[in-house]
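The structure presented is a predicted model; accordingly, all values stated were derived computationally and were not measured. In what follows, chains are A, B, ... by sequence order, proteins preceding strands, each numbered from 1.
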Amino acid sequence: MPFSGRLGGRSFPVHGEPMSQVVTRFPPSPTGFLHIGGARTALFNYLLARTNGGRFVLRIEDTDAARSTPEMTQAILDGMAWLGLAHDDGPYFQSERQDLYNANVDALLANGHAYWCQCTPEDVQAMRDKATAEGRKPKYDGRCRNLGLGPGPGRCVRLKTPQDGSTSFLDLVKGPVSFPNEELDDLVIRRADGGATYHMAVVSDDHAMGVTHVLRGDDHLNNTPRQMHILAALGFPLPVYGHVPMILGQDKKKLSKRHGAMSVMEYEKMGFLPEGVVNYLARLGWAHGDQEIFTLDELVAAFSTSNLNSSAACFDLEKMLWVNAHHLRAKSPQELAPLLARFVRELGLPEPDRTKLEAVIPLYQPRAQTLVEMAEASAFFFTPDADLPMDPAARDKFLTAEAKALLAEVRDLLAGTADFSEPGIEAALHGFVEAKAVKFKVIAQPIRVALTGKTASPGLYETMAVLGKDSTLARLDRALA
RNA sequence: GUCCCCAUCGUCUAGCCUGGUCCAGGACAUCGGCCUUUCACGCCGGUAACAGGGGUUCAAAUCCCCUUGGGGACGCCA
């Protein structure tokens, strides 16, 4: 029973007949970036296909020529690629498939399920306004439904929607859902300009592409009965529907640009790893017991629509940071090096040396949640000795006259240390504090401030070893000057 | 306004279908403590939730109803 849904924890079978192959799709409209919500929908569809050895189709819904742009299409493609959600089929462009949609509209006209309508958008708006004023639901009143009109300038085509009864389906995540048909009006399926509308295009494509599972945002729940009516009028089979709840901002309101409805690529700029974003998104609205950390492969192995949550979730940057930190630690320094290099460069520092990068990274894997943090915290490693910025407060507090006296001795000791490895440095420094009968604490912070310009850094031995003898000495000298 | 969906710690969630093992478990955040050369990591511990009201039942976070609250949809946008 690979497909089941849930309703308040109740599981139920969805569509008895076994599916030969699962086909899912992600159909973004290139009128905006790929944002968090879209990315999660894409991820769930990707997962649903992969988990079942199915096919994942990418379709660009660019039928709104006025608002769609090639730049946005590219941005969406980039976002998908960055997240690692590879599609098996497509991208298809709806703007290139109008013939298919229109053939279906013509079929509907021919079989009596659609009709020509001569009402102008203004007429319809007036009907809606009137209905609203009278406290009724704003709808097109169907006045052209039985006029037997033919094509003509300014005329659109509408679907003859059932006027009574109800339309029900078993939603993968919501369970049984039912709409009274009287709530629906005769929707436009072909605009006056001859172009098919959204519902017509979606339904035509889903059928043509063999889509078996339509997993989409909650906001499409109301669209489902409309699309089912078109499908029924066309005599096409119904896909399985699943509506995942929306992602809300921290304030429980629909995500806006302010709190996260920005492009997923913004998260790349913020130093997130795609693995971190994917992992966090998966856990927003879906759970697998108590497991928090997943790789994409683990998600594919564990994913099931029966674990999808039916209530909306708030986006929480703090938790995403924590998840990202895990993935940052899980990666090898070799993998991270080219990524970190970019952020170091963006700090205005010289091109970092690859070997040094790989030595620095392990020091910061437990200390950073993002690549930006990692770059900023480790910047002193990549800063030329002479340019090292010095925190004045740290200098005043730790580079006191007495500290400098000790520091000068440490400098000479280190200069004479042949083995500049971590253990070598540790041995030298330990010998020093024993001989001077001081606590290591006493020299630690002054050394740290001298080497890093700050009061916080990785361990001193590791820091010195990675910095190298020359830099270590140069920075000590600079602090003593 | 009408219709649809939703409701467990501040947040993400487990548990709900198959009522008792739940005076509700995990995670993020937060607050203590330990570790410690700083900062982190890590470890230990604490605070913190079944929206409210009615039912059903020996027993309800779990089933039913209502209320309240939240979200979504009502385009010749997608």
What's touching nucleotides 21-28 of chain B from the protein side, N or O pairs under 3.5 Å?
| from | atom 1 | to | atom 2 | distance (Å) |
| --- | --- | --- | --- | --- |
| G25(B) | N2 | Asp290(A) | OD1 | 3.1 |
| G26(B) | N2 | Glu292(A) | OE2 | 3.0 |
| A27(B) | O4' | Glu292(A) | OE2 | 3.3 |
| A27(B) | N3 | Lys319(A) | NZ | 3.4 |
| C28(B) | OP1 | Trp322(A) | NE1 | 3.2 |
| C28(B) | O2' | Lys319(A) | N | 3.4 |

Under 3.5 Å, sequence neighbours excluded: what are the donor-acceptor pairs made by side chains of residues 199-206 of chain A?
| from | atom 1 | to | atom 2 | distance (Å) |
| --- | --- | --- | --- | --- |
| His199(A) | ND1 | Gln227(A) | NE2 | 3.2 |
| Ser204(A) | OG | Asn104(A) | ND2 | 3.0 |
| Ser204(A) | OG | Met200(A) | O | 2.7 |
| Asp205(A) | OD1 | Arg97(A) | NE | 2.6 |
| Asp205(A) | OD1 | Arg97(A) | NH2 | 2.9 |
| Asp205(A) | OD1 | Tyr101(A) | OH | 3.3 |
| Asp205(A) | OD2 | Gln94(A) | NE2 | 2.9 |
| Asp205(A) | OD2 | Tyr101(A) | OH | 2.5 |
| Asp206(A) | OD1 | Arg25(A) | NH1 | 2.9 |
| Asp206(A) | OD1 | Arg59(A) | NH1 | 2.8 |
| Asp206(A) | OD1 | Arg59(A) | NH2 | 3.1 |
| Asp206(A) | OD2 | Arg25(A) | NH1 | 2.6 |

Please list, pair by pair, any protein nitrogen or oxygen found under 3.5 Å from a nitrogen or oxygen in nucleotides 32-35 of chain B.
none

Any residue of residues 159-166 of chain A with a heavy atom less than 4.0 Å from an atom of RNA chain B: none

Kindly write out the residues that satisfy side-chain contact (heavy atoms from CB on, under 4.5 Å) with [X], not counting sequence neighbours, or none if the list is empty.
X         : answer
Ala313(A) : Leu284(A)
Ala403(A) : Thr400(A), Pro446(A)
Ala375(A) : Leu340(A), Phe343(A), Val344(A), Leu347(A)

Where at least one partner belongs to residues 308-323 of chain A, residue pairs that pass salt bridge (charged side-chain N to carboxylate O under 4.0 Å, His left out), sequence neighbours excluded: Glu292(A)-Lys319(A)

Pairwise salt bridge (charged side-chain N to carboxylate O under 4.0 Å, His left out) hits with a residue in residues 182-197 of chain A, at least two apart: Asp106(A)-Arg190(A), Arg128(A)-Asp185(A), Lys137(A)-Glu183(A), Arg145(A)-Asp186(A), Asp185(A)-Arg226(A), Arg191(A)-Asp193(A)

Taking only distance into account, with no hydrogens and no angle test, what donor-acceptor pairs under 3.5 Å do side-chain atoms of residues 449-456 of chain A form with protein atoms, sequence neighbours excluded?
| from | atom 1 | to | atom 2 | distance (Å) |
| --- | --- | --- | --- | --- |
| Thr452(A) | OG1 | Arg448(A) | O | 2.7 |
| Thr452(A) | OG1 | Lys454(A) | N | 3.0 |
| Thr452(A) | OG1 | Lys454(A) | O | 3.0 |
| Lys454(A) | NZ | Ala377(A) | O | 2.9 |

With a 3.5 Å cut-off and sequence neighbours excluded, list the donor-acceptor pairs that the side chains of residues 425-434 of chain A form with protein atoms.
none

Heavy-atom protein contacts under 4.0 Å, nucleotides 65-74 of chain B, coded B base, S sugar-phosphate only, - none: ------SBSB

